[in-house]
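First comes the structure, then the notes that go with it.
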Amino acid sequence: MADIERGKIVVIVAPSGTGKSSLISRLKVDFPGLVESVSHTTRPPREGEVDGTHYFFTEVESFKQMIEMGVFIEWAEVHSNYYGTSKEFIDMALKKGQSLIFDLDVQGADSFKDYFGKKANIIFIAPPSLEDLEKRLRGRATDKDEVIKRRLNNAEKEILRKNDYDYCLVNDEFESSYARLKEIVGKVLGV
Ligand code: ADP
Ligand code: 5GP
C-alpha cells in the first residue's frame with residue numbers, strides 16, 4: 001500500500017468547552033503515532049498556550065494573505081476569529097504514512113468530507129447538556145464572559161449537526177467517554 005494511503009485521518013468536532021482538547025491529549029498518549037495538526041488562528045493565545053504547539057498565532061492581515069496564497073486546505077471564521085489548516089502539513093505527514101488527528105469546527109469538518117471523502121473519519125462529541133457546557137467553559141476560566149456567551153450561542157447550532165458525521169458520542173463521565181472514543185479511534189487506525 002502506498003504510504004499516502006496508509007495514513008488515516010481522524011477529525012474531532014465538538015462545541016467549544018465539550019472536552020475535545022482533554023480527550024485528544026489522552027489519545028496522543030495511547031496512540032503515540034497519531035500526529036496532531038497545528039492550525040493557524042487569529043485568536044489571541046490563552047494563558048499557557050505556546051505558538052507552534054497549540055496553534056500558529058497569526059495576525060489577521062497575514063492570515064488573509066495566506067488564504068490568497070492557497071496555504072489552507074480549509075479555513076473558517078469561528079467565534080469571530082479565523083482558523084485554518086495548512087495543506088503542506090497534511091501532505092507531508094500523509095506522504096510519510098503518518099496518521100493525523102484534527103480538531104475542527106463543523107465548517108472545517110464539512111470541508112474535510114468534501115475534500116477527503118471516506119478517508120476523513122469524523123467524530124462529533126457532544127456535551128451532556130448546554131448547562132454542563134456552560135459550567136465547563138466557566139470552570140476552565142480561560143475566556144471572558146462575552147466570549148463564553150458567543151461560544152454557547154454557537155454550540156446550540158453546532159449540536160444540531162451531531163448526527164451528520166461518521167460517529168457521535170457524548171462526553172458525560174470523562175473516563176467512560178474516553179474509553180468509547182479510544183475504541184473508535186483504535187478501529188479507524190486498525191490497532
Ligand atoms: P474543548 O477543547 O472542547 O474546548 P477542554 O478540553 O478545554 O474543551 O475542556 C473544557 C473544560 O471541561 C476543562 O476544564 C476540562 O477539564 C473540563 N472537562 C473535559 N471533559 C470533561 C468531563 N467529561 N466532565 C467534566 N469536565 C470535563
Ligand atoms: P478554540 O479557540 O477554543 O481553540 O477553538 C475554537 C473552535 O475552532 C473549535 O471548534 C475548534 O475545533 C475550531 N478550530 C480549531 N482549529 C481549526 C481549523 O484549523 N479549522 C477550523 N475550521 N476550525 C478550527
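Numbering of ligands and ligand atoms starts at 1, following listing order. Here the structure is a predicted model, which means the values were calculated and not measured.
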Can K87 and D91 be counted as an ion pair, charged N to O under 4.0 angstrom? yes

Among all protein heavy atoms in this structure, tell me which lies nearest to atom 2 (O) of ligand 1, with the distance rounded to 0.1 Å. S21 OG, 2.5 Å

Identity and separation of the nearest protein heavy atom to atom 26 (N) of ligand 1: R136 NE, 3.5 Å

Taking NZ, NE, NH1 and NH2 as the nitrogens, is one of them in R180 or D172 under 4.0 Å from a carboxylate oxygen of the other? yes

Would you say G139 contacts ligand 1, with heavy atoms under 4.0 Å as the rule? no

Under 4.0 Å between a Lys/Arg side-chain N and an Asp/Glu carboxylate O for D143 and R150? no

Between H40 and F72, does the ring centre distance come in under 6.0 Å? yes

Joining Ile, Leu, Val, Met, Phe, Trp and Tyr whenever any side-chain heavy atoms lie under 4.5 Å apart, the cluster holding V38 also takes in F56

Salt-bridge present (E59, K64; N to O < 4.0 Å): no

Starting from atom 20 (N) of ligand 1, locate the nearest protein heavy atom and write down its residue, its atom name and how far away it is, to 0.1 Å. N171 ND2, 3.1 Å

What I want to check is whether the side chains of S176 and E173 have a donor and an acceptor closer together than 3.5 Å. yes

With backbone taken as N, CA, C and O and side chain as the heavy atoms from C-beta onward, which portion of D172 lies under 4.0 Å from ligand 1: side chain, backbone, both, or neither? backbone

Compute the minimum heavy-atom distance from A14 to ligand 1 and say whether it is under 4.0 Å. no

Provide, to 0.1 Å, the distance between atom 15 (C) of ligand 1 and the closest protein heavy atom, together with that atom's residue and name. S22 OG, 3.8 Å

Atom 7 (O) of ligand 1: which protein heavy atom is closest, and how many Å away? R140 NH1, 2.9 Å

Contact residues of ligand 2, where a non-hydrogen atom lies under 4.0 Å away: A14, S16, K20, S39, R43, R46, Y55, E74, A76, V78, H79, Y83, G84, T85, D103, L104, D105, G108, R151

Got a donor-acceptor contact below 3.5 angstrom from the E158 side chain to the A14 backbone? no

Look only at interatomic distance and state if G19 has a nitrogen or oxygen under 3.5 Å from any nitrogen or oxygen of ligand 1. yes

Lys/Arg-Asp/Glu bridge criterion (N-O < 4.0 Å) met for K113, D166: yes

Step through it carefully: locate the ring centre of Y167, locate the ring centre of F124, and say whether they are under 6.0 Å apart. no

